[in-house]
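Take a look at the structure set out below.
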Amino acid sequence: MTWLVTGGAGYIGSHVVRALGAAGLGAVVIDDLSSGHAAFVDPGTPFVEGSILDTALVRRALEDHAVEGVIHVAGFKYAGVSVQRPLHTYEQNVTGTASVLQAMADAGVARIVFSSSAAVYGTPPTEIVTEDTPKSPESPYGESKLIGEWLLRDQGVAAGLKHTSLRYFNVVGSGYDDLYDTSPHNLFPLVFQALLEGRTPRINGDDYPTPDGTTVRDYIHVQDLAISHVAAAKRLAADEPVEAAYNLGSGDGSSVGDIMRTVAEVTGIAFEPVIAPRRAGDPARIVALGDLAGRDLDWRMRHTLAEMVDSAWRATRGASHE
Ligand SMILES: NC(=O)c1ccc[n+]([C@@H]2O[C@H](COP(=O)([O-])OP(=O)(O)OC[C@H]3O[C@@H](n4cnc5c(N)ncnc54)[C@H](O)[C@@H]3O)[C@@H](O)[C@H]2O)c1
């Protein structure tokens with residue numbers, strides 16, 4: 001049984017491909033390498049280099065490899081940048097998703113798992129987020145992910161598409177030393193980059209109403225996330241019921257201060273973070289309950305914060321030595 005992983009040369013997609021392999025399922029990757037890396041795709045995995053916007057190419061990939069379903073991970077993920085580049089964000093995440101769905105309809109493929117985001121909630125009215133928390137995205141990125149979910153829902157009604165959307169919170173860590181997050185905007189890569197360049201990492205605001213005054217977020221290990229994608233794919237393949245959306249969150253969280261302390265411990269680099277002003281619109285604490293995913297998708301936190309930091313640091317540092 002083979003699944004097409006869009007964005008399979010990226011940080012999360014490459015982990016999903018390996019998790020499929022570990023579960024005895026095949027994978028085909030389509031990726032335009034806009035932010036991914038050909039080296040993240042194992043030599044044994046068929047790799048179609050091109051854009052999901054090319055509907056005919058996606059269709060051929062589905063048909064040539066007798067694909068059973070799609071794990072649609074490809075996307076433009078920079079929420080901050082999306083404010084400056086709304087048209088690009090919508091093209092990649094909305095038109096791109098519509099193109100994947102069109103190719104699936106053309107090829108008669110009717111199962112999809114979609115990479116959605118905590119960004120669909122915007123600034124939630126409660127500190128604890130459930131799937132029913134109102135959706136109120138605050139960036140073109142969050143909007144584009146919510147529209148992606150709606151596209152799946154509407155194709156479900158129109159064409160019987162079986163689908164589920166996984167809303168990730170803060171994805172960190174590495175499952176393998178050769179796969180890591182290369183994003184120039186996420187917290188872990190930013191902190192590691194600063195340390196590798198001899199700069200002191202900084203914290204935006206230490207006067208929030210949290211135990212150590214820094215913001216609290218829900219950090220999840222990419223390997224745990226990948227396992228739940230496989231579970232979702234298997235459920236869809238077995239025609240078992242799925243929710244339209246699942247939060248992949250821990251129900252708990254870590255503060256930026258916790259992370260800095262853990263980074264100092266794991267790396268052995270003693271540093272006192274620079275305290276910078278708060279960023280506008282940064283809520284004090286956002287964590288999500290992953291109970292539904294725990295029930296249906298083999299979701300649980302298998303890694304501690306120290307393991308998340310350690311695995312990410314090892315992979316990032318290894319790459320910086322290449
Ligand atoms: N990393 C996170 O914390 C996080 C949180 C929530 C949601 N997400 C979502 O998860 C997905 C993967 O994120 P990631 O962290 O692995 O990012 P990433 O940038 O490493 O991976 C995205 C991959 O998609 C590919 N891609 C982008 N546009 C494409 C296109 N038009 N055609 C083909 N391939 C294309 C890129 O080259 C890259 O390999 C994204 O959709 C992102 O929005 C990520």
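All residue numbers in this chain count up from 1 along the given sequence. Ligands are counted one by one from 1 in listed order, and the atoms in each one are counted from 1 as well. Computed over heavy atoms, backbone and side chain alike; hydrogens, waters and symmetry mates excluded.
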Close-contact set for ligand 1 against [X] heavy atoms, below 4.0 Å:
| X | value |
| --- | --- |
| Gly36 | 36 (C), 37 (O), 38 (C), 39 (O) |
| Tyr11 | 15 (O), 16 (O), 20 (O) |
| Phe169 | 3 (O), 5 (C) |
| Ala9 | 39 (O) |
| Gly10 | 20 (O), 21 (O), 38 (C), 39 (O) |
| Leu33 | 37 (O) |
| Ser116 | 6 (C), 7 (C) |
| Val73 | 11 (C), 12 (C), 40 (C), 41 (O) |

Does the cation-pi check pass for Arg317 over Phe192, that is, NZ or CZ under 6.0 Å from the six-membered ring centre and within 45° of its axis? no

Quiz question: by atom type and distance under 3.5 Å, do the side chains of [X] and [Y] form a donor-acceptor pair?
| X | Y | answer |
| --- | --- | --- |
| Thr182 | His37 | yes |
| Tyr121 | Ser136 | no |
| Thr2 | His65 | no |
| Asp218 | Ser250 | yes |

Salt bridge flag under 4.0 Å for residues [X] and [Y]:
| X | Y | answer |
| --- | --- | --- |
| Arg18 | Asp178 | yes |
| Arg295 | Glu243 | yes |
| Arg217 | Asp258 | no |
| Asp206 | Arg278 | no |
| Asp298 | Lys234 | no |

Below a 4.0 angstrom heavy-atom separation, can you tell me which part of [X], side chain or backbone, both or neither, approaches ligand 1?
| X | answer |
| --- | --- |
| Tyr141 | side chain |
| Asn93 | neither |
| Lys145 | side chain |

For [atom], what's the nearest protein heavy-atom neighbour? Residue, atom name and distance, please.
| atom | answer |
| --- | --- |
| atom 3 (O) of ligand 1 | Val171 N, 3.3 Å |
| atom 10 (O) of ligand 1 | Tyr168 CE1, 3.3 Å |
| atom 31 (N) of ligand 1 | Gln92 OE1, 2.7 Å |
| atom 34 (N) of ligand 1 | Asp32 N, 3.1 Å |
| atom 37 (O) of ligand 1 | Asp31 OD1, 2.7 Å |

Would you mind finding which of [options] brings a heavy atom closest to [atom]?
| atom | options | result |
| --- | --- | --- |
| atom 14 (P) of ligand 1 | Arg167, His88, Lys77 | Lys77 |
| atom 38 (C) of ligand 1 | Ala119, Gly75, Ser35 | Ser35 |
| atom 27 (C) of ligand 1 | Ser183, Ser14, Ser34, Ser144 | Ser34 |

Applied to residues 122-131, the side chain to side chain donor-acceptor pair (under 3.5 Å) test, sequence neighbours excluded, yields Thr123-Glu138, Glu127-Arg285

Would you mind listing every side chain to side chain donor-acceptor pair (under 3.5 Å) that reaches into residues 144-153, with sequence neighbours excluded? Asn93-Ser144, Ser116-Glu149, Glu149-Arg167

Short N or O distance, [X] and ligand 1, threshold 3.5 Å exclusive:
| X | result |
| --- | --- |
| Ile12 | yes |
| Ile52 | yes |
| Ser51 | yes |

Any heavy atom of Thr6 closer to ligand 1 than 4.0 angstrom? no

So, do Pro124 and Ile286 sit near enough that their side-chain heavy atoms are less than 4.5 Å apart? yes

Inter-residue atom distance Ile52.CD1 - Asp32.CG, 0.5 Å rounding: 8.0 Å

